[in-house]
Visitor: 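This is the structure I have questions about; it appears just below.
Being a predicted model, the structure only gives us computed values, none of them experimental.
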Amino acid sequence: MRGLVLLCSVAALWLQAAVGLPLHTDSRWIVDEQGQRVKLRCVNWVSHLEAVVAEGLSKQPIDEITNRIGSLGFNCVRLTWPLFLATNESLSSLTVRQSFQRLGLREAIAGIQANNPFIIDLPLIKAFEAVVGRLGEAELMVVLDNHISKPGWCCSNFDGNGFFGDQYFNPEKWIEGLTRMATMFNGVAHVVGMSLRNELRGPKQNVNDWYRYMQRGAEAVHAANPDVLVILSGLSFDKDLSFLKTQPINLTFTAKLVYEVHWYAFSDGSSWQSGNPNQVCGRVVNNLLKMSGFLLEQGMPLFLTEFGVDQRGTNVNDNRYLSCFLSVAAEYDLDWAVWTLVGSYYLREGVVGLNEFYGLLDWNWCNPRNSSFLQRISALQTPFQGPGLAERRPYSVMFHPSTGLCVGRKSLLDPLRLGPCADSDPWYYTPQKFLTLKGTYFCIQAQDMGKQPRLGIICTVSNAQWDMVSDSKMHLSSKLDDGSMVCLDVDPSSNEIVTNACKCLSRDSSCDPSSQWFKLVNSTRSLGAARSMISMVGSSLSSNLVPKLFVQ
């Protein structure tokens with residue numbers, strides 16, 4: 001084990017130098033040793049099922065998988081593990097081959113032998129360690145997530161793994177396992193955090209035991225490995241941290257504590273499909289802020305360690321949820337981990353080779369399952385704000401969650417259109433509800449139904465005022481000269497911004513408002529050279545035009 005740990009440490013030296021590891025917290029932000037923001041943009045890689053081996057190693061060489069993770073824009077893997085891997089010697093000492101043999105997975109053995117022969121005869125605990133090492137070699141940070149106790153699919157209220165005192169969840173064994181895992185990766189720089197337990201739940205869950213054991217677990221991990229971030233989950237499948245409003249957890253260490261939360265469409269049943277999307281988004285977001293988002297205001301980091309959708313794009317509930325989710329993740333500039341990398345499983349719930357439709361990769365782990373989803377989350381892979389992002393003063397980008405793009409223009413003479421958020425225009429939303437272009441006197445003015453809005457310098461007229469008119473707070477609406485109301489929209493054939501009649505403002509559950517959803521996201525990051533030049537030219541033009549207006 002010592003040799004493998006040394007190898008991991010050497011492989012991660014580049015990452016320690018490039019990112020400034022280890023990480024710590026500064027108010028609500030995760031930062032490096034120099035105090036610069038490090039945004040965790042992670043993918044979940046499952047290693048907690050019955051085989052107790054990272055999924056996919058029978059399909060592709062591990063280096064192909066880890067390099068693919070980086071090429072898709074992720075800098076981090078949330079790697080799951082079952083508690084028994086660290087506490088049950090008879091399990092952890094099984095070789096990978098033996099683990100698959102006991103499950104009758106002969107085809108998987110042949111696949112691993114072909115694609116990753118180096119791992120086939122390693123004990124399970126050494127194989128886990130080797131996967132962590134290869135992630136470091138691929139320049140990826142790792143968050144170790146104790147997902148469950150007994151290996152298997154998670155989660156239900158009655159699986160014996162949900163809360164302290166359940167059949168497979170002995171608190172003392174849990175602390176023992178956390179300590180062993182933290183110790184094993186002490187000095188492995190790219191292991192930057194440990195999630196103490198996934199989705200606490202079930203009939204035994206209660207606040208008093210949460211404080212009692214989560215405090216002990218956090219202290220044990222920090223004592224064994226002071227470098228890692230200590231990540232705590234809440235109750236009710238990691239949706240509820242509301243008890244922390246009045247009673248913070250009492251720990252002996254500082255600048256290492258992070259809280260985590262999960263949010264899926266099914267967290268709210270079928271509400272997204274059966275309800276009006278504006279109203280559901282408004283209600284669900286308000287509840288999220290009440291149950292966990294308040295921690296950001298209290299100066300605590302909140303890591304959204306699981307979200308995801310059916311990558312086939314046919315699930316209405318998921319599709320409607322996703323636009324709302326992306327708007328929140330952008331607005332609050334959250335650290336996050338998408339569920340899941342996995343294209344297929346060795347064995348899940350009795351099914352061999354189960355196809356994972358929430359997986360970013362296809363069944364063979366070769367190609368992305370849904371490239372448009374990756375496009376949509378790409379805007380969230382770069383931080384909008386935080387320590388080290390020092391634009392002179394805050395501005396807003398107009399983020400369109402349905403596409404993952406932002407509003408901008410190539411020049412002042414071109415129409416407003418969607419494009420990469422890195423190249424978007426900077427906007428101010430004034431107290432008078434004008435949308436003005438940063439560094440200029442220009443503001444967005446509605447012209448007519450179905451027409452492109454324009455930039456003008458007369459911003460005191462009604463068609464230059466933009467109200468947020470829906471429960472989602474993402475419809476930007478203005479009044480035309482004839483008194484009719486229009487909302488910003490997108491022409492799907494050109495990605496140009498137009499104004500159309502506002503959609504889905506009533507209780508109609510059959511309509512889809514996502515093309516008209518725009519989120520004003522605060523940012524302090526530096527503008528690209530092209531954006532800065534447009535602002536300079538716009539400022540010059542508008543300063544020359546303003547005196548002429550008053551002369552007229």
Visitor: Is Arg78 close to Asn198 at the side-chain level, that is, under 4.5 Å between some pair of heavy atoms?
Guide: yes
Visitor: So, taking the atom named CE in Met485 and the one named OG in Ser477, what distance separates them when rounded to the nearest 0.5 Å?
Guide: 4.5 Å
Visitor: Rounded at 0.5 Å granularity, tell me how far CG in Asp238 sits from CG in Leu304.
Guide: 9.0 Å
Visitor: Hey, does the side chain of Glu139 reach the backbone of Gly70 with a donor-acceptor pair shorter than 3.5 angstrom?
Guide: no
Visitor: Centroid separation under 6.0 Å, is that true for the rings of Tyr213 and Trp174?
Guide: no
Visitor: Between Asp318, Thr340, Asp310, which is the residue that forms a side-chain hydrogen bond (donor to acceptor under 3.5 Å, both in side chains) with Tyr358?
Guide: Asp318
Visitor: Does the ring center of Trp466 lie less than 6.0 Å from the ring center of Tyr429?
Guide: no
Visitor: Per the side chain to side chain contact (heavy atoms under 4.5 Å, CB included) rule, which among Leu326, Asp335, Val521 passes with Leu380?
Guide: Leu326
Visitor: Once you measure the plane-to-plane angle for Phe518 and His400, does it fall in the parallel (<30°), tilted (30-60°) or perpendicular (>60°) bin?
Guide: tilted
Visitor: Where is the tightest heavy-atom contact between Ser271 and Val280, given as atom of each residue plus distance?
Guide: O-CG2, 3.5 Å
Visitor: Does the pair Lys204/Asp209 count as a salt bridge with the N-to-O cut at 4.0 Å?
Guide: no
Visitor: Is NZ or CZ of Arg393 both nearer than 6.0 Å to the six-membered ring centre of Tyr428 and within 45° of the ring axis?
Guide: yes
Visitor: Are Glu176 and Lys173 ion-paired here, with the side-chain N under 4.0 Å from a carboxylate O?
Guide: yes
Visitor: When you measure from the centre of the six-membered ring of Phe164, is the NZ or CZ of Arg212 closer than 6.0 Å and no more than 45° off the axis?
Guide: no
Visitor: Can you tell me if Ser47 uses its side chain to pair, donor with acceptor, with the backbone of Ala54 under 3.5 Å?
Guide: yes
Visitor: How long is the straight-line distance from NZ of Lys39 back to CG of Asp333, given to the nearest 0.5 Å?
Guide: 4.0 Å
Visitor: With a 4.0 Å cut-off, would you call Asp512 and Arg320 a salt bridge?
Guide: no
Visitor: Determine, step by step, whether Asp467 and Lys433 satisfy the salt bridge (charged side-chain N to carboxylate O under 4.0 Å, His left out) criterion, reporting the C-alpha distance in whole Å, the side-chain angles of both residues, the deciding distance to 0.1 Å, and the verdict.
Guide: CA-CA 7 Å; Asp467 290 293; Lys433 301 181 179 179; 2.6 Å; yes
Visitor: Let me confirm one number: the CH2-SG distance from Trp263 to Cys324, rounded to the nearest 0.5 Å.
Guide: 4.5 Å
Visitor: So, taking the atom named CE in Met300 and the one named OG1 in Thr25, what distance separates them when rounded to the nearest 0.5 Å?
Guide: 6.5 Å
Visitor: Run the salt bridge (charged side-chain N to carboxylate O under 4.0 Å, His left out) test on Glu260 and Arg197 for me, step by step, so that the C-alpha distance in whole Å, both residues' side-chain angles and the decisive distance to 0.1 Å come before the verdict.
Guide: CA-CA 10 Å; Glu260 64 176 308; Arg197 187 71 173 199; over 6 Å; no
Visitor: Please confirm whether the ring centroid of Tyr264 lies under 6.0 Å from the ring centroid of Trp339.
Guide: no
Visitor: Kindly give the heavy-atom pair with the smallest separation between Thr66 and Leu140, and that separation in Å.
Guide: O-CD1, 3.6 Å
Visitor: Is any side-chain heavy atom of Phe74 closer than 4.5 Å to a side-chain heavy atom of Gln381?
Guide: yes
Visitor: Between the main-chain N or O of Cys504 and the side-chain N or O of Asn276, is there a donor-acceptor pair closer than 3.5 Å?
Guide: yes
Visitor: Hey, are the side chains of Pro151 and Leu91 touching, using non-hydrogen atoms and a 4.5 Å cut-off?
Guide: yes
Visitor: Determine, stepwise, if the pair Leu40 / Leu23 fulfils side-chain contact (heavy atoms from CB on, under 4.5 Å).
Guide: CA-CA 11 Å; Leu40 297 180; Leu23 304 179; 4.2 Å; yes
Visitor: Charged N to carboxylate O below 4.0 Å: is that the case for Glu297 and Lys245?
Guide: no
Visitor: Report the distance from atom CG of Leu520 to atom CG of Leu435, rounding to the nearest 0.5 Å.
Guide: 6.0 Å
Visitor: Check the pair Arg369, Glu356 against salt bridge (charged side-chain N to carboxylate O under 4.0 Å, His left out), reporting the backbone distance first and the verdict last.
Guide: CA-CA 10 Å; Arg369 198 180 286 265; Glu356 173 56 273; over 6 Å; no
Visitor: Honestly, is Arg348 close enough over Trp153, meaning NZ or CZ under 6.0 Å from the six-membered ring centre and within 45° of the axis?
Guide: yes
Visitor: With under 30° as parallel and over 60° as perpendicular, where do the rings of Phe373 and Phe307 fit, or are they tilted in between?
Guide: tilted
